[in-house]
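A short write-up of the structure that comes next.
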2 protein chains.
Amino acid sequence: MPKYQYTQYSKGCATCQDKADIFACLCQAELDQIDDTRVEVHFKTGELIFKQGTPNMHFLCLTQGKVKTYIEGYNNKNLILNIVKPIEYILGPGIYADQMHHFSAMAIEDSVACLVDLVTFKKLIRTNPDFAEDFLRKVSLQSIYNYELFISLTQKQMPGRIADVLLYLKDKVYCTNPFHSTLSRQDLADMSGMSKESVIRILREFKDENIIRANGNDFEILNIDHLNKISQTG
Amino acid sequence: MPKYQYTQYSKGCATCQDKADIFACLCQAELDQIDDTRVEVHFKTGELIFKQGTPNMHFLCLTQGKVKTYIEGYNNKNLILNIVKPIEYILGPGIYADQMHHFSAMAIEDSVACLVDLVTFKKLIRTNPDFAEDFLRKVSLQSIYNYELFISLTQKQMPGRIADVLLYLKDKVYCTNPFHSTLSRQDLADMSGMSKESVIRILREFKDENIIRANGNDFEILNIDHLNKISQTG
DNA sequence: TAGATGTATTGATATATGTCATTATCTTTG
DNA sequence: CAAAGATAATGACATATATCAATACATCTA
């Protein structure tokens with residue numbers, strides 16, 4: 001008999017090796033509180049995890065797979081904010097504002113995530129200053145990354161934006177150099193704020209100049225210095 | 001004899017009517033702690049308040065005037081993030097990351113600000129959960145606004161972006177309808193991610209269509225519905 | 001295996017937007 | 001007040017980028 005998606009696994013948070021680093025400062029009793037309201041869920045590639053505009057009830061910790069978070073804008077155009085990999089958590093700004101999701105999340109690989117009730121999370125923020133500070137640290141780093149994204153998207157031309165995307169995938173997501181991605185060309189377009197046709201054209205230029213090797217979704221950055229320069233010069 | 005810029009005024013935080021709303025949850029003793037490390041500073045129009053890349057040592061509460069915060073990008077191009085008015089505070093993400101400023105701040109009117117030592121601020125975050133939660137609320141609202149900015153800047157065409165800037169100035173900054181701004185055309189360009197010439201052209205179009213009245217830096221939005229529609233349709 | 005469906009690629013074309021040069025207007029200052 | 005300097009406005013032009021249409025390729029499914 002298969003495990004149901006809402007199965008709460010017996011392995012507790014205290015002994016879990018796959019928990020987000022933000023939980024490092026929690027004691028056994030605090031981890032048990034999280035464990036009590038925790039649910040582990042499996043998502044298949046392409047499945048929507050939560051949708052912009054719906055109530056935000058859970059803290060989500062990704063333990064397996066990969067997830068894209070994206071803002072749904074006008075004319076069915078999306079802007080991908082992050083590609084989240086294990087073990088990172090996803091928590092939008094809605095929790096301390098209007099309790100809503102302000103971006104959507106979708107699995108781009110088969111994924112597993114733990115959902116933790118937000119009441120528990122917020123209680124821990126109030127009672128454990130180290131936890132609160134760690135959370136503020138994470139929020140701040142995300143904010144700093146957003147500033148970089150602002151500059152990339154608004155002040156760089158297409159080659160610079162694609163360079164940024166490729167470097168992001170190599171350094172922050174897959175963390176290897178020849179890397180295989182499950183992102184479509186449309187996803188790359190949604191990360192760089194351009195049309196998919198333009199993405200394809202720029203990738204071709206990079207290939208023709210031997211800056212990258214790209215075969216379908218297998219990428220290898222051959223000339224990192226050159227790619228960095230393209231990122232710099234916009 | 002004139003007051004020096006570093007003069008610490010005698011009026012305490014406890015009785016101050018000009019303090020940011022985030023301080024509402026602090027008790028007398030906590031406000032006194034802030035008061036002890038507080039310095040009031042006057043800035044003239046055009047003066048740099050702090051610069052991106054320098055150490056971030058203070059929480060800044062604006063009590064008079066107006067301030068633009070902006071990211072300094074490539075090729076001397078800036079991206080204005082916010083126009084801050086009294087009584088709001090300015091606090092970047094650096095405090096909980098690398099202790100650096102990640103954007104610059106400049107007075108666009110003669111301004112007065114209180115600077116509070118960050119050690120005191122961070123101590124209060126740790127010891128007063130209400131204060132921490134209020135701060136998280138503020139950070140979250142800023143983050144949500146940034147998402148809107150992302151969509152405006154990356155998915156809208158110039159008329160939509162200018163519409164967003166005009167509505168922002170009317171609703172969030174000057175809060176009156178005929179309003180007078182001290183922002184240059186270049187500033188409007190830095191808010192909407194375009195060239196100043198393009199700003200001028202779009203403003204002219206809006207004038208020709210009787211959507212706005214614009215005489216130098218005096219603006220009046222004549223047809224709010226139309227401007228909202230332009231903002232929506234991009 | 002063949003058809004169907006979605007995704008990727010390419011080329012031709014349209015268009016939004018930036019750049020540059022020039023003139024106009026405002027603001028400062030001696 | 002006049003000169004100088006900054007800011008604003010306008011037009012001509014260049015170009016980055018999107019759109020549209022056609023084809024190729026891959027992947028699923030019956």
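Here is the naming used below: chain letters follow the sequence lines, and residue numbers restart at 1 for every chain. Just so it is clear, the model here is predicted, and its values are computed rather than measured. Values reported hereafter were calculated over all heavy atoms of this structure, with side chains retained and with hydrogens, waters and symmetry mates removed.
Salt bridge status for Lys229(B) with Asp225(B): absent, with no side-chain N to carboxylate O gap under 4.0 Å. Of the charged side-chain nitrogens involved, none lies within less than 4.0 Å of a carboxylate oxygen, so that Glu197(A) and Arg185(A) do not count as a salt-bridged pair. Salt-bridge check for Asp21(B) with Lys138(B): passed, with a basic side-chain N closer than 4.0 Å to an acidic carboxylate O. Salt-bridge check for Lys156(A) with Asp164(A): passed, with a basic side-chain N closer than 4.0 Å to an acidic carboxylate O.
For Met100(A), the CE atom is densely surrounded, since the number of other residues' heavy atoms within 6.0 Å is greater than 12. Within 6.0 Å of NZ on Lys207(A) lie more than 12 heavy atoms contributed by other residues, nucleotides or ligands.
When every heavy atom of Leu153(A) is checked against every heavy atom of Gly193(A), the shortest pair comes out as CD2-N, 4.0 Å. When all heavy atoms are compared, the tightest approach of Leu227(B) to Ala163(B) is O-CB, 3.7 Å. Between Asn56(A) and Gly92(A), the shortest heavy-atom contact is ND2-N, 4.2 Å.
Here chain A contacts DNA chain D (any atom closer than 4.0 Å to a heavy atom, that is under 4.0 Å), and the contacts span dA16(D) to dC20(D) from 5' to 3'.
Each salt bridge (Lys or Arg N to Asp or Glu O under 4.0 Å) pair with one or both residues in residues 93-117 of chain B, not counting sequence neighbours, appears once here: Lys66(B)-Glu109(B).
Rounded to whole angstrom, the span from the CD atom of Gln155(B) across to the C1' atom of dT17(C) amounts to 18 Å. Taking atom CG of Asp208(A) as the reference point, atom C1' of dT9(C) lies 13 Å away to the nearest angstrom. Summarising the geometry, the separation between NZ on Lys196(B) and P on dT17(C) is reported as 17 Å, rounded to the nearest angstrom. Across the protein-nucleic acid pair, Leu188(B) atom CG and dT17(C) atom C1' stand 17 Å apart, rounded to whole Å.
Across residues 179-187 of chain B, Ser184(B), Arg185(B) each have a non-hydrogen atom less than 4.0 Å from an atom of DNA chain D (numbered order).
Taking the screw axis at each terminus of the helix from dT1(C)-dA30(D) to dG30(C)-dC1(D) from five consecutive base pairs, the angle between the two is 40° to within rounding of 10 degrees.
Between Phe121(B) and Phe59(B), the angle of the ring planes stays under 30°, which puts this pair in the parallel group of the 30/60° scheme.
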message: I'd like to compare against my own output: the B/S/- annotation of nucleotides 18-30 of chain C with a strict under-4.0 Å heavy-atom distance to protein.
response: SBB----------
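If you look at Phe150(B) and Tyr145(B), their ring centroids are not closer than 6.0 Å.
Looking at residues two or more places apart in sequence or on another chain, you find no side-chain hydrogen bond (donor to acceptor under 3.5 Å, both in side chains) involving Lys19(A).
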